[in-house]
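See below for the structure under consideration.
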Amino acid sequence: MTKLDRRSFIASATALGAALAWPSAAISKSRVKWVERRDLYPDGVASGDPDSSSVILWTRRPFDSGDRHALTVEVALDPEFKRVVSTTRVPVLAESDWTCRVLAGGLKPATVYWYRFTDATGAGSRVGRTITAPADEDPRLVSFAFVSCQSVNEGAQNAYRRMIWEDERKPAAERLGFVLHLGDFIYEVVEYPEEVAHRYGRTVYDIGKIPNSRKVYNFHVPTDLAGYRVVYQGHVRDPDIQDARAHFPFICMGDNHEFSWKGWQSTIQYDGEPEPAQELRVAANQAWWEYIPSRVRKASGPGLQAFDGPTVKNTPITKVNDDGFGDEPNNRTAIGSMTAYRALRYGRNVELIITDMHAYMMQDPTSRPEVAALDPGDFPNMFPQEWTEVLDAGRAYNGGKPPEVIMVGDKAVPNFRKGEAPMTLLGRQQKAWFKSKLAESKATWKVWAATNPTLDWRFDPQNLPPGLAAKPWPVAGYACTGGGDMSGSYHERAELYDFVRDRKIGGLVTVSGDRHSFWAGYSAKALPPQSFDPVGIAFVTGSISAPGMAEAMEYNLKKHPLRPLFTADRGNGKFEATCNLSLKRGVRSALEYAKSGDIEAARRLTNPDNAPHLEFIDMGGHGYSVVTATPETVQTEFVCIPRPVTRATTPDGGPLRYRVRHTASLWEGGERPRLKQEVLEGDPKLSV
C-alpha cells in the first residue's frame, strides 16, 4: 500500500465513525497479555462488510464507571496470534453503549484473519474470525449464506449451529465468505414469559425487560434508545447468534422489526391511527449502527465512535410529496440520520446491491382505513389482485386513466388512490441509485439483496368449488395478499424489470427474507393471463426461527371452511402445509391433497397459470440458504431444519428436513433464465 492508500483508509475510517487498525511493517507474535474473559464482553465480537482490503471489527465492553476507556485490538493470520499483522489502541465510549467499531485496513484479499480485543487490565474478548473479499477481478468461486428473521423470544437459532458445523467441514475453497442478513435481526415486539408462556406451540423465552416500554396487545415495544439497546443485547447474547457472528463476517440490512413492525419512514402504527415517531426512528437507527458492524453512512459525518444522531421532534406529517415521502423536516432528518443502502463487490463474480425497503417506502395503500370498504368476504390472506393493482398504481393505472370507482359486487367504492402517486418501496433517490448500480456493474452476477421478496404469492379462489366459501369470490381473477412488499408493488417492480430488460442486463439474482418460508422462481413483472417474461431468478430464505404461515394456520382458522387450503390435520398433532399447494398449484390441488393425501392426484389438478414463476415453495421452512457463484453458474441451496422450538443439543445443530439445490447457467440480457432443481436430502413433496 502506498502512503496515499493509507491516507484514504484513514478518511474512510473517519467517515464510517470507526477507529483505524493498520498493519505494522512486520508480522510478529502478540505481545499483549490477553486472558479471555467472555463475562466482561457479554455481547461477543463481530465483523462486517468486508471488502478486498478491509473489514469492520466490533465488540462491546461495558465499564462500571467513566465515559471513555480504551481497548487494544489485534489482527492476526492465525487464531493463536503468533502472526499478528496489526495492533492498535481504540476508544470505547459510554455514549455508544460501550460498543466499539474498528476499520481494519491494509489487509490482503480473500484471506482469513483472526481478531480480539483486550482492555487495560489484560481482560480479553473471545477470538473472532473474519474473511476479506476477493479482489475485483478474481474469478474464484464465491459462496455466501443468506438468512433472516431470528426471534430469540420464540425460538432457537439452530440454523446457525448447522451452518458453522457444515462450513468447518467444507474444502477451504468452498467455505462461506460471509453471511448476508436480510433483516429482522431483532424483533422489537417482545413478550414476557410471566405474561405469555406460549404462543402457538412455542415456549416464550425471557430476553430481558424493555425499559420505558409500551404495551401493545401481548407485546412490549421500545419507546427510546435504551429500549432498542436491550432488545439487541437480548439477541446477540444468544449463544448460536454470538458464535455465528464470531465465525463469519456479516453483511446486514434492516427490515421492519429493527424499527417498528407496521412502521414506515418515521411513522409507527399499532392498533390505531398512524403516529409520528421521528425520535424513535433516530433511536432505532442509532441502536442498529451501534450493534451491527457495517459501512452505512451516518449523517453526523466525521467522528470516531459515536452516532451523534440529530435532534428531532415527533411532529405530525400532514402532506407527502410525489414519492409518498413525508414532506416534513423532522421526518427527512430522522430518515437521513443513517443511509443504509450500499453495494459491495466480491470478486469478479458477485456484486451485492443492498436496498433499504422500509426507510423510504410510502404507506401501503392496502393498509389504509379506506380499504375497509373493499371487503372480499371471508377469504383468509386473500385480496383481489385487480383491486391491489388499482390501488398500487394510483394515478398511473391504465396509462394514466384510473377508474373512478372499484366495483365490489353491485356496490361502487370510490377509488381513493386515483389522484395519488404510484406506490414505492425504494423512493426516488434510492431507485435511481439502484438502477445505476445494475447498469454499471461488471460482475457476472448482480445479486439484489432485497429484504422484502419480489416473487408473487397468489391464489386462484375463482376455482373454488361452489358453496365452499360463505359467499362467492367477488372477482373473476386471482387473489394476492395485498401490498407491503415488492410482490404487491406491481408498478414499481414493472419499472425495475423493464429497466433490466431494456438495458439487456443478464445475471440478475434476487435474494430475500421476511416471509419465513423458502421460495425459488423467476423474476417477472406479470403472470398469466398477462405475458410472463422473466428477466432474472429470485429466492426467499426460510426464517432462522420466527414462525411462518404454515405454523400460524395450524392454530388459526380452526373451524373455517377454507382451512384445507392452508393446512391438513393428520392426527396426533401432525399437520401438512397445504398452503404450499394452494400457492404453487392452485386451490383444487390443495383441496384434493387435504382430502386424500395423494400427492400425485393433487399434482394432476394443478392450475398451470397460477404460479408459472415458482419452482419451489415451503411456507413452513426454517433454516438458511447458500449461494455459490462461478463464472458459468449460480446455485442456491436451501438448508431446511425442523421447527426450531428448542435449542439443539448436538454440535451439528440437529437434523435436517431437506436440502434442495437450484442451479442456473449464466444467461445474456434478453434471454430467459432457467432453473434446474435437485432434491439432495429429505422429501419436500408439497414444495416441488
Side-chain angles (χ1 to χ4, degrees), residues 188-189 214-219 221 256-257 259-278 280-281 314-328 330-331 334-335 357-397 402-425 427 452 457 470-471 473-475 479-492 556:
E188 94 295 3
V189 285
R214 174 177 176 175
K215 188 79 176 290
V216 180
Y217 303 118
N218 288 327
F219 301 102
V221 299
N256 56 332
H257 283 287
F259 169 49
S260 184
W261 175 32
K262 294 183 179 180
W264 66 93
Q265 296 177 34
S266 63
T267 297
I268 58 175
Q269 185 171 15
Y270 297 118
D271 55 349
E273 294 294 317
E275 303 172 40
Q278 291 92 332
L280 194 65
R281 168 56 87 172
N314 293 335
T315 305
I317 299 171
T318 58
K319 64 177 181 176
V320 298
N321 65 18
D322 278 349
D323 297 305
F325 194 81
D327 192 10
E328 190 282 317
N330 291 278
N331 183 56
I335 299 304
M357 312 292 267
H358 282 276
Y360 312 98
M361 72 176 290
M362 183 191 297
Q363 181 182 8
D364 171 17
T366 63
S367 73
R368 286 169 48 173
E370 298 96 322
V371 174
L374 299 171
D375 181 9
D378 193 6
F379 292 88
N381 292 295
M382 298 182 200
F383 192 79
Q385 180 178 334
E386 59 191 72
W387 297 356
T388 304
E389 290 173 350
V390 171
L391 298 178
D392 170 69
R395 61 173 175 254
Y397 185 79
E404 293 290 325
V405 298
I406 298 173
M407 296 304 300
V408 182
D410 58 359
K411 180 177 67 172
V413 176
N415 177 11
F416 63 91
R417 286 273 291 147
K418 67 178 182 179
E420 298 178 359
M423 173 67 183
T424 178
L425 270 72
N452 288 159
W457 52 356
K471 65 179 184 178
W473 180 240
V475 299
C480 64
T481 57
D485 67 14
M486 192 58 78
S487 73
S489 295
Y490 299 103
H491 186 274
E492 183 166 55
N556 299 328

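Side chains included, hydrogens not; waters and symmetry mates left out as well; all remaining heavy atoms used.
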Enumerate, atom names and distances included, each donor-acceptor pair closer than 3.5 Å involving a side-chain atom of residues 378-385, sequence neighbours excluded.
unit_1, atom_1, unit_2, atom_2, d
D378, OD1, H560, NE2, 3.1
D378, OD2, H560, NE2, 3.0
Q385, OE1, R458, NH1, 3.2
Q385, NE2, E389, OE2, 2.9

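For A412, the side-chain contact (heavy atoms from CB on, under 4.5 Å) criterion is met by V405, M407, not counting sequence neighbours. Applying the side-chain hydrogen bond (donor to acceptor under 3.5 Å, both in side chains) rule to D375 yields no partners; only residues at least two apart in sequence or on another chain are considered. In this view, E404 and K418 satisfy the salt bridge (charged side-chain N to carboxylate O under 4.0 Å, His left out) rule, not counting sequence neighbours. The side-chain contact (heavy atoms from CB on, under 4.5 Å) check on D364 picks up T366, S367, with sequence neighbours excluded. Looking at residues two or more places apart in sequence or on another chain, you find a side-chain hydrogen bond (donor to acceptor under 3.5 Å, both in side chains) between D323 and R428. H491 meets the side-chain hydrogen bond (donor to acceptor under 3.5 Å, both in side chains) test with no other residue; sequence neighbours excluded. Partners of E420 according to the salt bridge (charged side-chain N to carboxylate O under 4.0 Å, His left out) rule, which considers only residues two or more places apart in sequence or in another chain, are R368, R417. The side-chain hydrogen bond (donor to acceptor under 3.5 Å, both in side chains) test applied to T267 returns no partner, not counting sequence neighbours. In terms of the salt bridge (charged side-chain N to carboxylate O under 4.0 Å, His left out) criterion, D392 has no residue partners (sequence neighbours excluded). Qualifying side-chain contact (heavy atoms from CB on, under 4.5 Å) partners for K471, counting only residues two or more places apart in sequence or in other chains: none.
Residue pairs meeting the salt bridge (charged side-chain N to carboxylate O under 4.0 Å, His left out) criterion with at least one partner in residues 259-277, sequence neighbours excluded, are R214-E275.
Side-chain atoms of V189 and H257, non-hydrogen and from C-beta on, do get closer than 4.5 Å to each other.
Between the side chains of Q265 and Q363, no donor N or O sits under 3.5 Å from an acceptor N or O.
With values rounded to the nearest 0.5 angstrom, R281 atom CZ is found 14.0 Å from N330 atom CG.
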